[in-house]
Amino acid sequence: MAELVAFTAVGLVAAWGERFPRWIPGLRGRRVPTSAALVPATLGAVVLTVTWTAAFLAIFAGVTLGGRPLDPGFPARGGGWEAGIFYVCYLPLLLWGPLLAAVSHAYWRRRRGPAPGPGS
């Protein structure tokens with residue numbers, strides 16, 4: 001499910017994010033309403049940013065999100081190569097929300113039409 005939701009972010013930069021694909025009955029070729037893409041993308045960006053920031057702050061504090069101490073076998077607690085691999089693999093998750101917000105903003109700018117010129 002997470003991969004499916006993550007893939008929908010591609011719609012913010014792909015052609016099928018502006019017009020529904022031909023294989024969707026009843027919608028084929030119609031414009032995708034801007035809010036239909038932006039509202040979930042913006043909410044997702046906020047949720048991802050808050051979730052992963054809270055998760056890593058908790059890990060750095062040595063506790064779970066529920067406040068209980070991390071298990072002694074948790075990779076980040078052991079140090080050494082296990083902790084290094086853990087952080088290399090999971091720290092990029094901190095960028096997922098902010099990058100989704102940036103792509104959402106670019107989608108909004110592209111879909112709103114030309115910016116008004118001086119004196120408009």
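Position 1 is the first residue of the sequence; numbering continues from there. Below, each value reflects all heavy atoms present in this structure, side chains not excepted, and no hydrogens, waters or symmetry copies.
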Inset, instruction - Consider only side-chain heavy atoms of I, L, V, M, F, W and Y, link residues closer than 4.5 Å, and tell whether I24 and L12 are in one cluster. - result: yes
Legend entry - Beyond-backbone contact of R28 with F20, side-chain heavy atoms, under 4.5 angstrom: no
Legend entry - Shortest non-hydrogen contact from L70 toward R77: CB-CD, 3.3 Å
Inset, instruction - Could you tell me the separation between the OG atom of S35 and the CZ atom of R111, rounded to the nearest 0.5 Å? - result: 9.5 Å
Legend entry - Whether Y107 side chain and T34 backbone form a donor-acceptor pair below 3.5 Å: no
Inset, instruction - Taking the side chain as every heavy atom from C-beta outward, state whether V10 and W16 have any atom pair closer than 4.5 Å. - result: yes
Legend entry - Shared hydrophobic cluster for W96 and Y90 (ILVMFWY, side-chain gaps under 4.5 Å): yes
Legend entry - In one Ile/Leu/Val/Met/Phe/Trp/Tyr side-chain cluster, 4.5 Å: F60, V63: no
Legend entry - 4.5 Å side-chain heavy-atom contact, V47 and W52: no
Inset, instruction - Decide whether L93 and L100 are clustered together by the hydrophobic rule: side chain heavy atoms of Ile, Leu, Val, Met, Phe, Trp, Tyr closer than 4.5 Å, transitively. - result: yes
Legend entry - I59 with L91, same ILVMFWY side-chain cluster at under 4.5 Å: yes
Inset, instruction - State yes or no: are the ring centers of F86 and F74 separated by less than 6.0 Å? - result: yes
Inset, instruction - Could you tell me whether a side-chain N or O of T64 sits under 3.5 Å from a main-chain N or O of R68, the two making a donor and an acceptor? - result: yes
Legend entry - Heavy-atom check, side chain of L94 versus side chain of F56, under 4.5 Å: yes
Inset, instruction - Check whether any side-chain heavy atom of V13 sits under 4.5 Å from a side-chain heavy atom of V103, and report yes or no. - result: yes
Inset, instruction - Check A45 against A101 and note the closest heavy-atom contact, atom names and distance. - result: CB-N, 3.7 Å
Inset, instruction - Test the R112-W108 pair against the cation-pi criterion, namely NZ or CZ under 6.0 angstrom from the six-membered ring centroid and within 45° of the ring axis. - result: yes
Inset, instruction - Taking only Lys NZ, Arg NE, NH1 and NH2, and the carboxylate oxygens of Asp or Glu, determine whether E18 and R110 approach each other closer than 4.0 Å. - result: yes
Inset, instruction - Go through the structure and list residues passing salt bridge (Lys or Arg N to Asp or Glu O under 4.0 Å) with R31, not counting sequence neighbours. - result: none
Legend entry - T49 vs P98 side-chain heavy atoms within contact, under 4.5 Å: yes
